[in-house]
Amino acid sequence: MADLDALRTRFARTLQAARGTGATGPDPTPYADDLLARWQEPQRRYHTLAHLTAVLDHVDVLEKYAADPDVVRLAAWFHDAVYLPERSENEERSARIAERALPEAGLPEAKTVEVARLVRLTVTHDPGEDDRDGQVLCDADLAVLAAPPSAYAAYTAAVREEYHFVPNDDFRTGRSEILRRLLGLPRLFRTPYGAAEWEATARYNLAAELEMLSS
């Protein structure tokens with residue numbers, strides 16, 4: 001079980017840091033609670049509080065590469081705030097929630113715009129060469145691809161559960177297309193740490209899953 005109090009504290013600390021030294025704003029708890037409720041919705045099997053926590057932890061590992069690590073952390077909080085497996089506009093709706101909530105919570109406009117941009121970037125996970133914050137968020141979100149075998153198997157099983165309404169043949173076809181697209185990218189990870197520590201393992205996992213789906 002996730003430690004909700006620890007996550008509330010983590011959100012409050014990040015929001016205050018992003019607001020800036022000496023800045024004030026409303027109590028962050030209601031904003032944290034709204035996000036925590038969203039991340040615990042019953043349709044989620046992979047995109048849960050465990051995924052949120054993992055992405056935040058990976059941002060912590062990669063923070064030295066970010067231009068504004070706290071903005072990246074806020075984007076991590078919002079990047080799957082809306083998650084309905086049968087819908088295709090989850091990232092856009094998540095970005096719009098950030099655009100509504102963060103100014104009210106006291107975040108400066110420029111940082112709110114950047115959080116929303118980063119959330120929308122998770123549609124493609126294709127940050128530019130000079131997009132340091134985008135590289136950190138995308139690498140943190142994709143780090144699960146480099147998980148050890150048992151954890152990677154649990155990830156793929158949870159994804160399948162989220163798409164339980166898709167027939168097996170259709171799921172196998174769709175998932176295989178995603179895996180081939182990922183394997184066709186010149187790089188899965190853009191930060192130096194991600195490239196060195198995660199790239200090879202992630203490619204092995206993806207190739208093994210694709211082979212299993214094809215057999």
Side-chain angles (χ1 to χ4, degrees), residues 2 4 6-8 10-15 17-18 28 31-41 43-63 65-105 107 110-128 131-147 155 158-159 162-163 178 181-182 185 188-191 194 198 202:
L4 296 182
L7 284 167
R8 288 186 189 95
R10 202 167 184 174
F11 178 83
R13 185 170 62 240
T14 297
L15 178 60
Y31 301 96
D33 284 346
D34 177 72
L35 287 165
L36 291 170
R38 291 176 179 277
W39 282 92
Q40 295 178 87
E41 291 166 340
Q43 76 276 12
R44 298 171 183 256
R45 293 296 183 271
Y46 168 66
H47 294 87
T48 63
L49 288 176
H51 172 60
L52 169 63
T53 302
V55 174
L56 292 170
D57 289 346
H58 288 126
V59 172
D60 288 348
V61 170
L62 302 172
E63 67 174 339
Y65 303 111
D68 192 334
D70 290 305
V71 164
V72 179
R73 291 185 179 97
L74 286 175
W77 274 94
F78 281 92
H79 83 285
D80 284 320
V82 175
Y83 187 74
L84 297 170
E86 70 277 11
R87 304 290 288 272
S88 61
E89 70 276 13
N90 292 318
E91 293 86 358
E92 178 60 30
R93 293 177 65 195
S94 296
R96 290 178 183 176
I97 289 173
E99 289 170 335
R100 291 195 301 269
L102 288 172
E104 184 181 292
L107 194 70
K111 292 189 176 185
T112 297
V113 169
E114 175 67 355
V115 169
R117 182 190 72 81
L118 291 170
V119 171
R120 292 184 171 102
L121 184 60
T122 61
V123 175
T124 62
H125 293 95
D126 188 21
D131 184 2
R132 292 167 56 193
D133 289 342
Q135 290 173 3
V136 169
L137 179 63
C138 290
D139 278 17
D141 196 27
L142 293 179
V144 65
L145 301 180
Y155 150 69
V159 170
E162 285 186 337
Y163 287 89
I178 291 170
R181 179 180 63 80
L182 290 170
L185 294 173
L188 292 167
F189 299 100
R190 308 301 181 88
T191 63
W198 297 335

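In this text the structure is predicted, and so the values were computed from the model without any measurement. Note that these values count all heavy atoms, side chains included, but never hydrogens, waters or copies made by symmetry.
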Taking the side chain from [X] and the backbone from [Y], do they hold a donor-acceptor pair closer than 3.5 Å?
X	Y	value
Gln40	Thr48	no
Thr122	Val119	yes
Asp80	His47	no
Arg44	Arg38	yes

Spacing of [atom1] belonging to [X] relative to [atom2] belonging to [Y], to within rounding of 0.5 Å:
X	Y	atom1	atom2	answer
Thr191	Leu137	OG1	CG	11.5 Å
Glu99	Glu92	CD	CD	7.0 Å
Arg132	Leu62	CZ	CG	12.5 Å
Thr112	Leu102	OG1	CG	5.0 Å
Asp60	Arg10	CG	CZ	5.0 Å
Arg87	Arg93	CZ	CZ	5.5 Å

*So, do Val136 and Glu63 sit near enough that their side-chain heavy atoms are less than 4.5 Å apart?*
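A side-chain contact under 4.5 Å is absent here.
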*With salt bridge (charged side-chain N to carboxylate O under 4.0 Å, His left out) as the test, would you mind laying out the steps for Arg13 and Asp70 before giving the verdict?*
CA-CA 9 Å; Arg13 185 170 62 240; Asp70 290 305; over 6 Å; no
_Before you tell me yes or no, could you show the steps for Glu162 and Gln43 under side chain to side chain contact (heavy atoms under 4.5 Å, CB included), namely the whole-Å CA-CA distance, both residues' side-chain angles and the distance that decides it to 0.1 Å?_
CA-CA 7 Å; Glu162 285 186 337; Gln43 76 276 12; over 6 Å; no
So which atom in [X] and which in [Y] form the shortest heavy-atom distance, rounded to 0.1 Å?
X	Y	answer
Leu36	Leu4	CD1-O, 4.1 Å
His79	Ser94	O-OG, 3.8 Å
Leu35	Ala81	CD2-CB, 4.0 Å
Lys111	Ala18	NZ-O, 2.8 Å
Leu188	Ala202	CD1-CB, 3.8 Å
Leu49	Trp39	CD2-CB, 3.5 Å

*Contacts of Glu104 that satisfy side-chain contact (heavy atoms from CB on, under 4.5 Å) - sequence neighbours left out*: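 Partners of Glu104 under the side-chain contact (heavy atoms from CB on, under 4.5 Å) test: Tyr31.
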*Listed by chain and number, what are the ring-ring contact (aromatic ring centres under 6.0 Å, His included) partners of Phe189, not counting sequence neighbours?*
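Trp198.
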_Asp68 and Val72: CA distance, side-chain angles, deciding distance, side chain to side chain contact (heavy atoms under 4.5 Å, CB included) verdict_ = CA-CA 7 Å; Asp68 192 334; Val72 179; 5.8 Å; no
*Are His125 and Asp139 close enough that a side-chain donor and a side-chain acceptor fall under 3.5 Å?*
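Side chains of His125 and Asp139: no pair found under 3.5 Å.
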*Pick one: which of Asp126, Asp131, Asp141 meets salt bridge (charged side-chain N to carboxylate O under 4.0 Å, His left out) with Arg190?*
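So the option named by the test is Asp126.
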*Do the ring planes of Trp77 and Phe11 sit parallel (below 30°), tilted (30 to 60°) or perpendicular (above 60°)?*
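Aromatic pair Trp77/Phe11 classed perpendicular.
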*Is the Tyr155 ring parallel, tilted or perpendicular to the Tyr46 ring (thresholds 30°, 60°)?*
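It falls in the perpendicular class, over 60°.
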*With Arg96, the side-chain contact (heavy atoms from CB on, under 4.5 Å) member among Glu91, Glu89, Arg120*: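 When side-chain contact (heavy atoms from CB on, under 4.5 Å) is applied between Arg96 and each of Glu91, Glu89, Arg120, only Arg120 qualifies.
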*Apply side chain to side chain donor-acceptor pair (under 3.5 Å) to Asp133 and list each qualifying residue two or more places apart in sequence or on a separate chain.*
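Partners of Asp133 by the side chain to side chain donor-acceptor pair (under 3.5 Å) criterion come out as none, since no residue qualifies.
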